[in-house]
Amino acid sequence: MQVLVSAEAIQTRVRQLGATLEERLASQQFVMIGVLDGAFIFLADLVRSISLAHRMGFVSASSYRGAVTEAAELLISIKGMPDVSGLTVVLVDDIFDTGKTLERLKHQLHAAGAAQVVTVVLLWKTGRRTVDLTPDYYGFEIPDQFVVGYGLDFDEQYRHLPEICVLNPELPAD
Ligand code: IMP
Ligand code: MG
């Protein structure tokens, strides 16, 4: 597999993002919310580069496709996440592709009373956006290729890889 972003480059960038968020969030009460499953490794590294006190939790999102020809249905659950009312929420996901996941989650977090939602993604496939939203912070801009590693999967495989790899340049993006 072709390595697109090395483990070292990821670690350096995650520390930079942590420092940027620390500056932005100093003197605010905030909650870090990761989007399962893909963001679990990114969130784990990101929160360890932020020394400000905060609460943390997870929401889940998955795209379910019943048949190859059907449009993917986005399933979202915010059950079990910490109370966000009146707080700044930092919403953390692995990758911004079409942007539908973050748009829907941002809407639901506001509906749950969040005062402000700041979005952070490790990767941004800039060419694929279909919503009127861009991530507030991102680690790396990447081309429209299917990537795995550092939490991102293909059929629940490859999440453990410490780097971001292009799975197979011949596979279609979906
Ligand atoms: P969006 O709603 O289209 O922005 O999709 C975001 C979600 O799609 C991410 O949280 C990932 O779970 C998944 N996804 C999009 N592109 C890739 C990829 O290249 N590799 C693995 N998962 C991806
Ligand atoms: Mg995901």
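In each ligand, atom 1 is the first atom listed, and ligand 1 is the first ligand listed.
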Report task. Identify, by atom number and element, the atoms of ligand 1 in contact range of Thr101, meaning under 4.0 Å from any of its heavy atoms. Result -> 1 (P), 2 (O), 5 (O), 6 (C)

Query raised in the report: Considering only heavy atoms of Asp153, which atoms of ligand 1 have at least one such atom less than 4.0 Å away?
Result: 21 (C)

Can you tell which part of [X] has a heavy atom less than 4.0 Å from ligand 1: side chain, backbone, both or neither?
X: Asp94; result: side chain
X: Asp93; result: side chain
X: Leu152; result: side chain

Could you tell me if any non-hydrogen atom of [X] lies under 4.0 Å from any atom of ligand 1?
X: Lys125; value: yes
X: Leu123; value: no
X: Gly38; value: no
X: Gln145; value: yes

Query - Close side-chain approach of Thr130 and Arg128, heavy atoms under 4.5 Å - result: no

Report task. Check whether more than 12 heavy atoms from other residues, nucleotides or ligands sit under 6.0 Å from atom NE2 of His110, and answer yes or no. Result -> yes

Query - N/O separation below 3.5 Å, Phe96 to ligand 1 - result: no

Query raised in the report: ligand 1 and Leu102, any nitrogen or oxygen pair closer than 3.5 angstrom?
Result: no

Report task. Evaluate the criterion side chain to side chain contact (heavy atoms under 4.5 Å, CB included) for residue pair Val35 and Asp94; output intermediate values, then yes/no. Result -> CA-CA 8 Å; Val35 183; Asp94 50 3; over 6 Å; no

Requested in this report: Check the pair Met81 / Ile33 against side chain to side chain contact (heavy atoms under 4.5 Å, CB included), numbers first and verdict last.
Outcome: CA-CA 8 Å; Met81 103 184 148; Ile33 299 279; 4.2 Å; yes

Query raised in the report: Taking atom types as modelled, is there a side-chain donor on Ser51 or Glu22 under 3.5 Å from an acceptor on the other?
Result: yes

Query raised in the report: Does the side chain of Tyr150 pick up a donor-acceptor pair with the side chain of Asp45 at under 3.5 Å?
Result: yes

Requested in this report: Show your reasoning for whether side chain to side chain donor-acceptor pair (under 3.5 Å) applies to Ser6 and Glu163.
Outcome: CA-CA 5 Å; Ser6 71; Glu163 62 271 310; over 6 Å; no

**Report entry** Passing candidate, side chain to side chain contact (heavy atoms under 4.5 Å, CB included) with Met32, options Thr88, Val47, Val118, Val120
**Finding:** Val47

